[in-house]
> 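Pasting a structure below so you can have a look.
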Amino acid sequence: MTTVTVDLGSRSYPIEIGPGLLDDSSCWEPYAQGRTLAVVTNSTVGPLYARRLCKSVAGLAARVVMVELPDGEEYKTSATLNRVYDALLEARCDRQTLIVALGGGVVGDIAGFAAATYQRGVPFIQVPTTLLAQVDSSVGGKTGINHPRGKNMIGAFYQPEAVLIDTATLGTLPDREFSAGLAEVIKHGAACDAGYFAWLENELPAVLARHPATLAEAIAGSCRIKARVVAADEREAGLRAVLNFGHTFGHAIENGLGYGTWLHGEAVAAGMVLAARLSVDMGSLEPREARRIRDALAYARLPVTAPVFEFARWMDLMELDKKASAGTPRFVLLRGLGAAYIAGASEERLAALLATGEEGARTDPLQPLAGPNP
Ligand code: NAD
Ligand code: GLY
């Protein structure tokens, strides 16, 4: 098992990473001993993993309350959040209750926000079961729900007591979800750590084959990067925004196609290719480095070309991005691999960028497997 620490002073917490951790009572002991556990999960993950979790905490927890939510981003709403509050109140959960978020990013974000707000805050731990949740959403304390007028518009920064990552749970994750999570892994390397990116390029075949040791190493490396950024800038006053590499274009793609058409990671993948090309246009990135990012994403079976929108539509969609300043979109760009910065770009430059496709590029999500450097 590998431990990565998120260093936030008195609110520091460990991220425990390894296969089989779900079944290991000793991992649960520090968190479950003598407590009421409210396990929030969904109708897909619950039947796969909740029983095993319950078995591990059986001799430790005072009791376990199960809260099963419907599966899907469309349920990341105030109505679903209310279902969590209802279940906690019905079971007379007090302020010592530990909420356990068992599932992907949707469950983690809802359960984390419930923990931040139930009786003005109760402790919680994240048990992420998608690759995206293991390397990104479970780490760093962003919690929340969607509002009909915008994604993740209601929420709180609220850190967990721990993140317990059983890498073996990825064995049941569909390929398309796995690739979408890999987009965030590649993002961490491209935006924050050139050495990790180079390691990943070499290890992508083993990661894609879900080789247990390599996968656990990739997850630990990605968590280390995220933990470092969160420790330096917990509330996104500046640096943390670099984790949004590819997201200005990516959010526009997700929203423009209609949420759910492309997965978040797929849209971010095509967005990272555009952001890398914009960095090349701005003279801060070598074309061969942009190509390395594109090749890694293509090898991970992610789309590397954005869908076609009118330029005015692109601009409308990008102005909704949280980084936009006075209605002008801003982008996370690269000054070389692993070194991100934030800047605007002229409309002329953006129009030229978005008008040119890439020769031979494929646009469908879940690409067939190609060589690492096609
Ligand atoms: P998700 O939670 O919807 O999970 C994807 C699908 O995989 C779901 O159908 C889920 O039930 C299923 N699943 C989960 N684990 C499984 C497993 N081990 N085996 C089989 N199926 C499994 O999606 P996601 O990609 O994990 O998370 C996306 C959400 O995360 C979005 O709502 C996004 O806004 C949020 N997010 C939050 C942060 C943050 O910092 N808080 C960061 C990135 C994304
Ligand atoms: N997913 C970006 C962040 O946590 O800041």
Side-chain angles (χ1 to χ4, degrees), residues 6 22 40-50 52 68-77 80 101-113 116 126-147 150-160 163 165-185 187-188 191-192 210 222-223 225-247 250-251 254 259-260 262-268 322-323 332 340:
V6 183
L22 205 53
V40 180
T41 187
N42 73 16
S43 52
T44 302
V45 178
L48 287 169
Y49 297 112
R52 282 166 53 188
E68 191 178 286
L69 306 176
D71 184 3
E73 178 76 29
E74 66 272 32
Y75 296 106
K76 195 173 151 182
T77 59
T80 308
L102 173 68
V106 170
V107 165
D109 280 10
I110 299 172
F113 190 50
Q126 291 270 16
V127 186
T129 60
T130 63
L131 183 55
L132 180 139
Q134 295 183 353
V135 298
D136 192 355
S137 63
S138 68
V139 177
K142 282 188 182 175
T143 70
I145 54 169
N146 300 331
H147 184 275
K151 199 165 140 55
N152 294 327
M153 282 296 154
I154 313 295
F157 284 99
Y158 193 67
Q159 301 293 344
V163 182
I165 300 178
D166 185 338
T167 51
T169 58
L170 298 181
T172 54
L173 193 67
D175 286 346
R176 193 173 165 195
E177 296 289 351
F178 187 81
S179 285
L182 268 182
E184 305 289 356
V185 173
K187 175 197 80 177
H188 284 145
C192 304
R210 307 191 200 191
S222 210
C223 286
I225 292 168
K226 178 132 192 204
R228 196 170 71 216
V229 173
V230 168
D233 178 22
E234 182 185 3
R235 288 183 169 248
E236 202 165 310
L239 175 72
R240 187 165 174 170
V242 302
L243 296 176
N244 289 324
F245 178 52
H247 283 57
H251 283 150
E254 263 185 296
Y259 284 107
W262 280 20
L263 298 177
H264 175 70
E266 293 168 343
V268 167
K322 290 198 200 81
K323 287 186 298 307
V332 179

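Read the numbers this way: they start at 1 and go in the same order the structure lists the ligands and their atoms.
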> Where is the tightest heavy-atom contact between Ala340 and Val332, given as atom of each residue plus distance?
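So the two residues come closest at CB-CG1, 3.8 Å.
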
> Quick check: Thr143 and ligand 1, any N/O pair under 3.5 Å apart?
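There is no such contact.
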
> For ligand 1, indicate whether the residue Glu177 contacts it via side chain, backbone, both or neither (heavy-atom separation under 4.0 Å).
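Near ligand 1, Glu177 shows its side chain, while the N, CA, C and O stay back.
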
> Nearest protein heavy-atom contact for atom 22 (C) of ligand 1: which residue, which atom, what distance?
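For atom 22 (C) of ligand 1, the nearest protein heavy atom comes out as Leu173 CD1, 3.7 Å.
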
> Report yes or no: does Thr80 contribute a side-chain atom to a donor-acceptor pair with the main-chain N or O of Tyr75 at less than 3.5 Å?
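Looks like yes, one N/O pair under 3.5 Å.
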
> Using a strict 4.0 Å cut-off to heavy atoms of Tyr49, name the atoms of ligand 1 that fall inside it.
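Listed by number with element: 18 (N).
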
> Okay, side chain of Glu266, backbone of Leu263: is any donor-acceptor separation there less than 3.5 Å?
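Yes, the answer is positive, given that a donor and an acceptor are paired below the 3.5 Å cut-off.
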
> Could you tell me whether the side chain of Gln159 and the main chain of Gly140 form a donor-acceptor pair under 3.5 Å?
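The answer is yes, because a donor-acceptor pair under 3.5 Å joins these two groups.
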
> Could you pull out the closest heavy-atom pair between Thr129 and Gly104, with the gap in Å?
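It is OG1-N, 3.6 Å.
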
> Check whether any N or O atom of Asn152, backbone or side chain, sits under 3.5 Å from an N or O atom of ligand 1, and answer yes or no.
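Looking only at distances, the answer is yes, because the N/O contact criterion of under 3.5 Å is met.
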
> Test side chain to side chain donor-acceptor pair (under 3.5 Å) on Thr172 and Tyr49; report intermediate values, then the result.
CA-CA 10 Å; Thr172 54; Tyr49 297 112; 2.6 Å; yes

> Where the closest heavy atom to atom 28 (C) of ligand 1 is concerned, which of Leu132, Ile110, Asn244 has it?
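The nearest heavy atom belongs to Leu132.
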
> If we only count N/O pairs under 3.5 Å, is Lys226 in contact with ligand 2?
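Checking ligand 2 against Lys226, an N or O pair does fall under 3.5 Å apart.
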
> Taking all non-hydrogen atoms of both residues, which atom of Gln126 and which atom of Ala101 are closest, and how far apart?
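Where Gln126 meets Ala101 most closely, the heavy atoms are OE1-CB, 3.6 Å.
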
> Counting N and O atoms only, with roles assigned by atom type, does the side chain of Asn146 sit under 3.5 Å from a partner on the main chain of Asn152, one being a donor and the other an acceptor?
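Flag set: sc Asn146 to bb Asn152 pair under 3.5 Å.
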
> Is Thr44 touching ligand 1 with its side chain, its backbone, both, or neither, if touching means heavy atoms under 4.0 Å apart?
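Under 4.0 Å from ligand 1, Thr44 contributes side-chain atoms alone.
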
> Shortest non-hydrogen contact from Gly103 to Ala133?
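Looks like O-CB, 4.3 Å.
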
> Check each atom of ligand 2 against the heavy atoms of Glu236 and keep those under 4.0 Å away; list them by number with element.
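Under 4.0 Å from Glu236, ligand 2 has these atoms: 5 (O).
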
> List the steps, then state whether salt bridge (Lys or Arg N to Asp or Glu O under 4.0 Å) holds for Lys142 with Asp136.
CA-CA 10 Å; Lys142 282 188 182 175; Asp136 192 355; over 6 Å; no

> Any idea which heavy atoms bring Val139 and Ala227 closest together, and the distance?
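Closest approach of Val139 to Ala227, heavy atoms only: CG1-N, 4.5 Å.
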
> Which residue from Lys151, Glu254, His247, Arg176 reaches closest to atom 33 (C) of ligand 1 through any of its heavy atoms?
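Selected option, by shortest heavy-atom distance: Lys151.
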
> So which protein heavy atom does atom 15 (N) of ligand 1 come closest to, and at what separation?
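Going by distance alone, atom 15 (N) of ligand 1 is nearest to Thr129 OG1, 2.7 Å.
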
> Below a 4.0 angstrom heavy-atom separation, can you tell me which part of Val45, side chain or backbone, both or neither, approaches ligand 1?
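It is the side chain that touches ligand 1; the backbone stays farther off.
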
> Among all the protein's non-hydrogen atoms, which is closest to atom 43 (C) of ligand 1, and how far away is it?
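Nearest protein contact, heavy atoms only, for atom 43 (C) of ligand 1 is Asp136 OD2, 3.7 Å.
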
> Among protein heavy atoms, which lies nearest atom 23 (O) of ligand 1, and at what distance?
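That would be Gly105 N, 4.1 Å.
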
> Does the Arg240 side chain pair with the main chain of Val230, one donor and one acceptor, at a distance under 3.5 Å?
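No; judged by distance alone, with no hydrogens or angles, the pair does not exist.
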
> Taking only heavy atoms of Thr169, which atoms of ligand 1 are found under 4.0 Å from at least one of them?
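Answer, ordered by atom number: 17 (C), 18 (N).
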
> Could you check atom 20 (C) of ligand 1 against the protein and tell me its nearest heavy-atom contact, residue, atom and distance included?
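The protein heavy atom lying closest is Thr172 O, 3.1 Å.
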
> What protein heavy atom lies closest to atom 5 (O) of ligand 2? Include the residue and the distance to one decimal.
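The closest heavy atom on the protein side is Arg240 NE, 2.7 Å.
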
> Flag Val106 as yes when one of its N or O atoms lies below 3.5 Å from any N or O atom of ligand 1, and as no otherwise.
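Between Val106 and ligand 1, an N or O pair is found under 3.5 Å apart.
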
> Nearest protein heavy atom to atom 14 (C) of ligand 1, by residue and atom, and its distance?
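Atom 14 (C) of ligand 1 sits closest to the protein heavy atom Thr130 CG2, 3.2 Å.
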
> Should the proximity of Val139 to ligand 1, defined as any heavy atom under 4.0 Å, be assigned to the side chain, the backbone, both, or neither?
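Near ligand 1, Val139 shows nothing, with every heavy atom at 4.0 Å or more.
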
> Under 4.0 Å from a heavy atom of Lys76: give me the atoms of ligand 1 that qualify, with their elements.
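Checking each atom against Lys76, I get 31 (C), 32 (O), 33 (C), 34 (O), 35 (C).
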
> Heavy-atom distances under 4.0 Å are what count here, so tell me which part of Asp136 touches ligand 2: side chain, backbone, both or neither.
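Within the 4.0 Å criterion, Asp136 contacts ligand 2 through side-chain atoms alone.
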
> Non-hydrogen atoms of Glu73 versus ligand 1: any pair closer than 4.0 Å?
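It does; at least one heavy atom falls under 4.0 Å.
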
> Among all the protein's non-hydrogen atoms, which is closest to atom 38 (C) of ligand 1, and how far away is it?
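That would be Ser137 CB, 3.2 Å.
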
> Report the part of Asp71 in contact with ligand 1, treating N, CA, C, O as backbone and CB onward as side chain, heavy atoms under 4.0 Å; options are side chain, backbone, both, neither.
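It is the side chain that touches ligand 1; the backbone stays farther off.
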
> For the 3.5 Å polar cut-off, considering only N or O atoms, please tell me whether Lys142 and ligand 2 meet it.
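Looking only at distances, the answer is yes, because the N/O contact criterion of under 3.5 Å is met.
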
> Within the distance-only criterion (no hydrogens, no angle test), does the side chain of Lys226 pair as donor or acceptor with the backbone N or O of Val135 below 3.5 angstrom?
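Answer holds: no.
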
> Below 4.0 angstrom from a heavy atom of Asn42, which ligand 1 atoms are there? Numbered from 1 as shown, please.
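It comes down to these atoms of ligand 1: 10 (C), 11 (O).
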
> Taking distance alone, with N or O pairs closer than 3.5 Å, would you say Asp109 contacts ligand 1?
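Right, the criterion is met.
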
> Considering all heavy atoms of both residues, which atom of Glu74 and which atom of Asp71 are nearest to each other, and what is their separation?
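That closest heavy-atom pairing would be OE2-O, 4.3 Å.
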
> Quick check against the 3.5 Å criterion: does Gln134 have a side-chain atom that pairs as donor or acceptor with the backbone of Pro128?
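Side chain of Gln134 to backbone of Pro128, a donor-acceptor pair under 3.5 Å: yes, one is there.
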
> Which residue in the set Leu131, Thr167, Asp175 passes side chain to side chain contact (heavy atoms under 4.5 Å, CB included) when paired with Arg210?
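Checked Leu131, Thr167, Asp175 against Arg210; only one passes side chain to side chain contact (heavy atoms under 4.5 Å, CB included): Asp175.
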
